[in-house]
There are 2 protein chains.
Amino acid sequence: MKFTINRLNFINELNNVLRAVSSKTTIPILTGLKLVVTNDELVLTGSNADISIESTVTQQMGAFELVIDEPGEIVLPARFFSEIVKKLPDEMVTLEVNQGFQAVIKSGAAEFTVNGQDANNFPHLPEVGADRQITVAADVLREVVDQTRIAVSKQESRPILTGIHLTLVDGKLTAVATDSHRLAQRSVAVPNAPAQPYDVVIPGNSLTELSRMITDVSDGIVMSFADSQVLFTFGHTNFYSRLLEGNYPETDRLIPTTSETKLTLAADQFLAAIERASLLSHQSRNNVVKLTVKPAAGVAMISGNSSDVGNVEEAIAASAMTGNELEISFNPDYMRDALKSFGTMQVVMAFTSALRPFTLVPADDETNFIQLITPVRTY
Amino acid sequence: MKFTINRLNFINELNNVLRAVSSKTTIPILTGLKLVVTNDELVLTGSNADISIESTVTQQMGAFELVIDEPGEIVLPARFFSEIVKKLPDEMVTLEVNQGFQAVIKSGAAEFTVNGQDANNFPHLPEVGADRQITVAADVLREVVDQTRIAVSKQESRPILTGIHLTLVDGKLTAVATDSHRLAQRSVAVPNAPAQPYDVVIPGNSLTELSRMITDVSDGIVMSFADSQVLFTFGHTNFYSRLLEGNYPETDRLIPTTSETKLTLAADQFLAAIERASLLSHQSRNNVVKLTVKPAAGVAMISGNSSDVGNVEEAIAASAMTGNELEISFNPDYMRDALKSFGTMQVVMAFTSALRPFTLVPADDETNFIQLITPVRTY
């Protein structure tokens, strides 16, 4: 096995595949990166329990300046190998495996010999056919993921809640996540969607990695489904994730359909006030901020109190408020995460009572994007 | 007590004083920041076991827009208070203490009440007179500190070695640090220096903080000495450090005066090669890199070897090499630190034998700046 490649472009591919490589793994070979060289392409693969990433560089991709002298395959220690490539002196790097599993890496005057492993011992990637596919624009998929992953549960006690529930019904893709204290739901129309409905739960961590990886992708992402796997294909990269097994809880009934108090405000301005108030609540044993709304008097106010440290209050600039007077307390970290997902939008907050979950929706689209937060009982 | 101040400029002063405030301290009031307001100035003080920093803002300093309504003093929780000031919404901030030790902080619509403490319980700063003073340009002092602090010991087993030994003799200021594995020494001429000699040991951590703090200072730094304290004065800031007690070991005799092998090379290029080789040595139990010099053949080479991981070798581009053949092994982290202190200079490395300390000096000034490294015995 021997090939030469442009070092900086090779580093980009290594960084992508490394997203799937964990340094903590119970299967030692998964700390490795598989390199497979055929007559005209180089395939890099990294894998962990949840995701596998496969990147294919061909001799036709000019920027890589890939020259293949001899096919072959090997598994090299992923992080160590990529650190070496990053620090090499020359524009090009040559990798050669002559006998056994020792790779010689040359660039300029530097020469590393690195002990590798037999590529036959690397787990095979799942097989995912092309018969069940959806194509979604990369920026749309990223937005859907970024607006819902905040509500994914970090607790393993109910594994199904560590995923994002994705459904496709009548051309509408809906993502839902909840950790049972809050819920995020986002729907988008998918052009040319298949008539067949889809219903899967994808680990939140997988989608978070995917979202980071596709920031520069302008094409559509092809999602292909198998029984226990989903494959996202974009550019020359395949991104596999396992699916979570089990039924995702029914979430529609959690979202209130009526309200007694409404408050409309700029998400970013309210976010700044929440971040100030949480400076104090974070010093306190119970991390709680109180919102007081008096629509008749035109007053909205947040406040926090910690007997040890002090207290805080701030009047909130609302563009509209209607309905009953209300005092409600909540975890400001949940509110911060929710507000961040709206950017600089005007947001409508709708409340039924101090002990019932409340919702945040964009003022100009109240149905396709909802953040829901359960309040905290303070008495 | 009541004053109003420009928030962004106040944040700069808070950040400076916070350098002296440790979150881990056995004296609770030292987690606080002392604010003293007189008729025309605001004095901020932070302190820990080693250093104290005092910053004075007067009404004459226009950028601060300081308006004093009522003198007074208080101690506030340092990090919490500065986090609040950083997040406040308005251009200005007002701080008011009416009764007891509760401070009310107002900016725009936000109002915090923060529990403070009696300023009388804050330790007094040491008294340092003006009778023993040296003035050194800020950039010179910074260079001297940055080039020597790398060799300061991190072990508390010999406390005196956690300091930098500063001497002033015949108008020449010399700084020396050693952790007994390596040594750094830098001398500079001080214009208008007093005839009286000085000999002090200042904690390395104090000088590191000072060096970071004076990056933007263009004036001279006035150093004033008392028996157990040194005071650095610049701009409107006083920086106090305790001195280390005890005699610093005699270091002159450690520096070899003859050599058998010399190698001249560009510090930055050699640094890059050392950083590559240390990728491998860091994976190995004994973190060692070997340098081989064969002046007659014009060959210089570094290499490393780890039976588990692999090996590395790289030919080094030297601009000159003279003397005997040599193989010598050293800790590449020490070499990296030493090389960084030379920037892009040409450096002369001088060796006597494989088991004797060797030196690095600038090619164009072999006497005023020396890095010394003790090799590692590998057999």
Side-chain angles (χ1 to χ4, degrees), chain A residues 76-77 79-90 93 100-116 268-284 299-318 336, chain B residues 76-77 79-90 93 100-116 268-284 299-318 336:
Chain A
L76 293 176
R79 299 204 178 270
F80 181 47
F81 175 61
S82 79
E83 280 172 21
I84 288 172
V85 176
K86 280 174 196 163
K87 293 230 166 169
L88 287 173
D90 198 47
V93 53
F101 302 110
Q102 280 206 324
V104 177
I105 305 155
K106 289 184 191 171
S107 179
E111 179 175 325
F112 281 84
T113 305
V114 174
N115 299 337
D268 53 343
Q269 287 176 27
F270 191 44
L271 174 63
I274 289 292
E275 287 186 332
R276 280 189 282 279
S278 63
L279 288 177
L280 193 113
S281 69
H282 287 166
Q283 303 282 327
S284 158
V299 173
M301 170 92 75
I302 56 170
S303 57
N305 184 21
S306 158
S307 53
D308 290 346
V309 182
N311 56 64
V312 59
E313 61 177 43
E314 179 164 351
I316 303 303
R336 180 198 58 210
Chain B
L76 294 176
R79 299 203 179 270
F80 181 47
F81 175 62
S82 78
E83 280 173 21
I84 289 172
V85 176
K86 281 174 196 164
K87 293 230 166 168
L88 287 173
D90 199 46
V93 53
F101 303 109
Q102 281 206 321
V104 177
I105 306 155
K106 289 184 193 173
S107 179
E111 179 174 324
F112 281 83
T113 305
V114 174
N115 300 336
D268 52 343
Q269 287 176 26
F270 191 44
L271 174 62
I274 290 292
E275 287 187 331
R276 279 188 283 277
S278 63
L279 287 177
L280 193 112
S281 68
H282 287 165
Q283 302 282 328
S284 157
V299 172
M301 170 91 76
I302 57 171
S303 56
N305 185 19
S306 158
S307 53
D308 290 345
V309 183
N311 57 65
V312 59
E313 61 177 45
E314 180 165 349
I316 302 302
R336 180 199 59 208

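Each chain gets a letter, A, B and so on, in the order its sequence line appears, and its residues count up from 1. Just so you know, these numbers come straight off a predicted model, no measurement behind them. Hydrogens, waters and symmetry mates play no part in the numbers below; they use all other heavy atoms, side chains included.
In this structure, chain B has no heavy atom under 4.5 Å from any part of A:Q269. Contacts of A:S278 with chain B are absent, with no heavy-atom separation under 4.5 Å from either backbone or side chain. At a 4.5 Å heavy-atom cutoff, the contact between A:L88 and chain B is made by backbone and side-chain atoms alike. Within the 4.5 angstrom heavy-atom criterion, atoms from both the backbone and the side chain of A:P89 approach chain B.
Nearest approach of A:F80 to B:V309, heavy atoms of both residues: CE2-CG1, 2.8 Å. Between B:N115 and A:D308 the shortest heavy-atom distance is ND2-O, 2.7 Å. The nearest pair of heavy atoms linking B:I84 to A:L279 is CA-CD1, 3.5 Å.
When B:K87, B:R276, B:Q102 are compared by the number of non-hydrogen pairs under 4.5 Å with chain A, B:R276 comes out ahead.
Residues of residues 104-111 of chain B placed with any heavy atom under 4.5 Å of a heavy atom in chain A are listed by number as B:A109, B:A110, B:E111.
Note that CZ of A:F112 is 6.5 Å distant from CG of B:L280, once rounded to the nearest 0.5 Å.
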